[in-house]
Structure formats: structure tokens, C-alpha cells
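All ligand and atom numbering here is 1-based and tracks the order in the structure. Numbering of residues begins at 1 and proceeds along the displayed sequence. Below, all heavy atoms of this structure are taken into account, side chains as well, without hydrogens, waters or symmetry copies.
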Amino acid sequence: MIPVAKPWLGEREEQLVLEVLRSGILSLGSRLPEFEDAFAQRIGAPHASAVSSGTAGLHLALRAVGVDEGDEVVTSPFSFVASANAVLFERARPVFADIDPVTLNLDPDAARAAVTDRTTALLPVHIFGYPADTPAFESFGLPIVEDACEALGAVHADGTAVGSRGHPAAFAFYPNKQMTTGEGGMVVMGDPAMKERIDSERNQGRAPNMDWLDHDRLGFNYRLTEISCALGLAQLERLDELLAARARVAGWYREALAELDELTLPCADRGTERRGWFVFVVQLPREHDRDATIERLRELGVQSKPYLPAIHLMSFYRERFGHREGEFPVCEDVAARSIALPFFGQIEQGQVEQVASALRSVLRG
Ligand SMILES: Cc1ncc(COP(=O)(O)O)c(C=O)c1O
């Protein structure tokens with residue numbers, strides 16, 4: 001079976017992780033600031049705080065921009081559920097707006113129409129690694145938290161790396177991501193006071209200069225272990241290679257799927273925008289039975305996943321907020337037809353061709 005995702009680990013990862021294990025310092029050691037500094041430098045952001053997951057990063061970033069109980073945060077319904085859940089952690093409300101049919105990112109016009117006097121922040125998601133229209137959101141004059149969990153390596157049209165524009169942006173390092181720390185995340189930001197707050201809140205609310213077990217604010221245990229930081233440092237050293245391999249695989253898919261014109265492929269980069277390749281998601285033709293397609297692909301040795309379901313139509317969100325079909329037609333149409341194909345740096349060209357020929361036989365019989 002060709003898996004849908006797979007991490008790419010090497011000897012350097014083993015070496016750095018072993019060093020940590022032998023040091024006996026497994027949390028809050030020197031690897032943490034090393035990883036943060038190296039990541040901030042890579043993105044071109046002044047500061048970075050490592051956390052235990054992308055979700056934890058989003059949560060602390062939302063708190064850091066002042067999101068509070070009863071507030072509204074305008075965000076995309078076409079995302080992994082964590083982006084909306086993080087808003088709920090603060091008893092604020094995720095207010096969804098529809099997406100752009102080409103980039104699949106939050107549509108700035110729809111987002112503007114969803115802003116009310118209770119809106120305290122915007123939470124655009126760089127979905128599937130394609131840069132959201134952050135400059136358009138900046139023109140709203142509201143605080144922004146960027147969900148960059150899928151977007152390591154993405155670049156805006158003006159050449160700024162996703163995550164380098166000063167707003168807090170959360171990245172994620174689950175094993176299917178461009179780079180992994182097992183579980184883990186990173187918030188990058190411009191404001192040093194925000195870093196201090198996030199560093200404290202990830203560690204139960206302890207300020208850096210405070211005594212052991214003294215805490216001056218509410219906090220969480222969102223720390224990232226030294227083992228994970230070591231893994232992250234090793235992955236970061238060869239991030240260019242990891243990203244280039246994914247871009248190459250995307251090119252192979254484009255070629256192999258070119259004749260299947262009934263499929264909608266991920267959009268090409270517009271102008272100087274650059275996708276940070278995370279997944280290869282195709283939209284099936286409207287009349288097609290997606291579940292049957294996934295099952296037939298499985299029989300042919302190809303794993304695939306429905307990706308992504310619309311958040312507002314998940315049972316929890318329906319029950320809690322009364323969401324129904326028809327609210328966000330573009331999102332719902334895309335969400336109903338999308339499948340993620342096997343996509344990882346070490347997949348071979350022959351395997352990509354195998355996926356394409358399996359898909360051809362499923363679609364065309
Ligand atoms: C768009 C998006 N947001 C948030 C997350 C949450 O990251 P994590 O799984 O590290 O908590 C993910 C990761 O899967 C994601 O894809």
C-alpha cells in the first residue's frame with residue numbers, strides 16, 4: 001500500500017536525538033532556544049516560541065492578540081478542525097466565511113462581510129500550503145493570527161515568507177508536515193512582549209525570572225521536549241532538501257495526471273506567490289462517488305483520504321452553532337469532492353505513476 005504520508009528521517013536526526021537522550025536533559029534545556037532561534041531565522045521572523053503542537057500555538061497566539069470570552073474571530077471553514085477549536089478554547093466564537101474557489105483560502109471579501117463590532121481578530125489559514133491573501137486581511141485593521149500549520153516554505157507575492165509579517169503565525173510539526181518533531185509546533189512573531197507572554201503561558205504561567213513553582217498568570221503545559229527540539233533542529237538543517245523534494249513530487253503528479261482533465265488539481269502559483277507543498281489534493285468530478293473511489297484506490301494499493309471536511313458541517317459544530325448545508329457553498333462543494341493522494345518527499349516517481357494509473361482506471365474504468 002502506498003501510504004498517504006510518511007516522515008523523512010535521517011542519520012542526523014538520530015544523532016541529535018541520541019545526544020539529548022545521553023545528556024539526560026529532556027525538557028527545558030539548550031535545544032529549545034536553539035530550535036527557536038534557528039526557526040525564527042529561517043522564516044525571517046524576529047521571535048519564535050516552540051510549543052507542543054500547532055493547536056497549542058494557535059491557542060496561545062489567539063490569547064496573545066487579546067481574544068477573550070464572547071469575542072468573534074473570522075476564519076475559514078475549509079481547514080483542519082484545530083483552527084476553529086482553538087477559538088473555542090477561549091470561549092470566543094469562530095465566525096466562518098466562504099473560501100476562494102481557486103486558492104481554497106479564506107476569501108477577503110467574504111471575510112470582510114462577516115466582520116461585526118464583536119470581531120476581535122482574523123484567523124486566516126494558509127490551506128494546503130498556499131499563501132492566504134494576508135495583505136488584504138491586514139487592510140481590515142484587526143489583529144491577525146495566521147494558521148501557517150500547513151505552510152512552511154510558502155511565500156507571499158511581495159516576497160515575504162509566510163510567518164514573517166509580524167503577526168503571530170503558528171506552524172505545526174506532526175509527522176505528515178514538511179518537517180516533523182513527532183508532535184510539535186512553533187509560533188513566530190514580531191513583538192518581543194508577545195514572545196514573553198507565550199513562553200510563560202506554555203509553561204504554566206511562569207515568567208522567565210520567577211522562582212521555581214511561582215506563577216503570575218494562568219498557563220498551560222504546552223512545552224516542547226528537548227527530544228522534539230533536537231529532531232526539529234536536524235530537520236531544519238535540511239529543510240531546503242525536504243521542501244524541494246515535495247515540490248518535485250508535485251511536478252510529477254501534475255505530469256502524471258495531466259490527461260485526467262475531469263480532475264481539479266491544486267492551483268498553480270499565481271505570479272510571485274509560492275506554495276509550500278504540504279499535500280496533493282485533487283477534486284473529483286461532481287457526479288463521482290468519493291467513498292467508492294477511495295475504496296477502489298485502496299484495492300489497487302493506494303491509500304487516499306477525504307480531505308478536508310467542512311468544519312461547520314461537523315456534528316459538533318452543527319449541534320453547537322446550528323450550522324447547515326448551503327451556508328458556504330464554495331467550501332462545501334470543494335470539501336465534498338476532495339481527496340488527498342499519497343504525498344511525501346521520498347515517494348518515487350514510479351509510485352506517483354502507479355497512483356495516477358490507479359486513479360485513471362477508477363475514473364475511466
Ligand atoms: C490547518 C491546520 N491547522 C492546525 C493544525 C494543528 O496542528 P497540530 O496537529 O500540530 O496540533 C493542523 C495540523 O494538522 C492544520 O493542518
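- With salt bridges taken as basic N to acidic carboxylate O contacts below 4.0 Å, one links Asp199 and Lys195.
- When non-hydrogen atoms are compared, ligand 1 lies under 4.0 Å from neither the backbone nor the side chain of Glu183.
- Nearest to atom 12 (C) of ligand 1 among the protein's heavy atoms is Phe80 CD2, 3.5 Å.
- With hydrogens and angles left out, the side-chain atoms of Ser139 and Arg112 include a donor and acceptor closer than 3.5 Å.
- Within ligand 1, the atoms closer than 4.0 Å to a non-hydrogen atom of Ser53 are 10 (O), 11 (O), numbered from 1 in the order shown.
- Phe343 has its ring centre no less than 6.0 Å from the ring centre of Phe278.
- Residue Val125 touches ligand 1 through its side chain alone, judged by heavy-atom distances below 4.0 Å.
- A salt bridge is absent between Arg290 and Glu295; no separation between the charged side-chain nitrogens and carboxylate oxygens falls under 4.0 Å.
- The heavy atom nearest to atom 14 (O) of ligand 1, out of those in Glu150, Lys177, His126, is found in Lys177.
- Considering backbone and side-chain N/O of Asp147, one or more are found under 3.5 Å from N/O of ligand 1.
- Every atom of ligand 1 with a heavy atom of Cys149 under 4.0 Å away is listed here by number and element: 2 (C), 3 (N), 4 (C), 5 (C), 12 (C), 15 (C).
- In this model, a donor atom of one side chain and an acceptor atom of the other lie less than 3.5 Å apart for Glu72 and Thr116.
- Proximity annotation for atom 8 (P) of ligand 1: of Ser79, Gly54, Ala151, Gly54 comes nearest, heavy atoms only.
- Side-chain N/O atoms of Ser200 and Arg217 include a donor and acceptor closer than 3.5 Å.
- In terms of protein heavy-atom proximity, atom 11 (O) of ligand 1 is closest to Thr55 OG1, 2.4 Å.
- Side-chain polar atoms of Glu90 and His59 form a donor-acceptor pair below 3.5 angstrom.
- Close approach of ligand 1 to Ala172 is summarised as follows: ligand atoms under 4.0 Å from at least one heavy atom of the residue are 7 (O), 10 (O).
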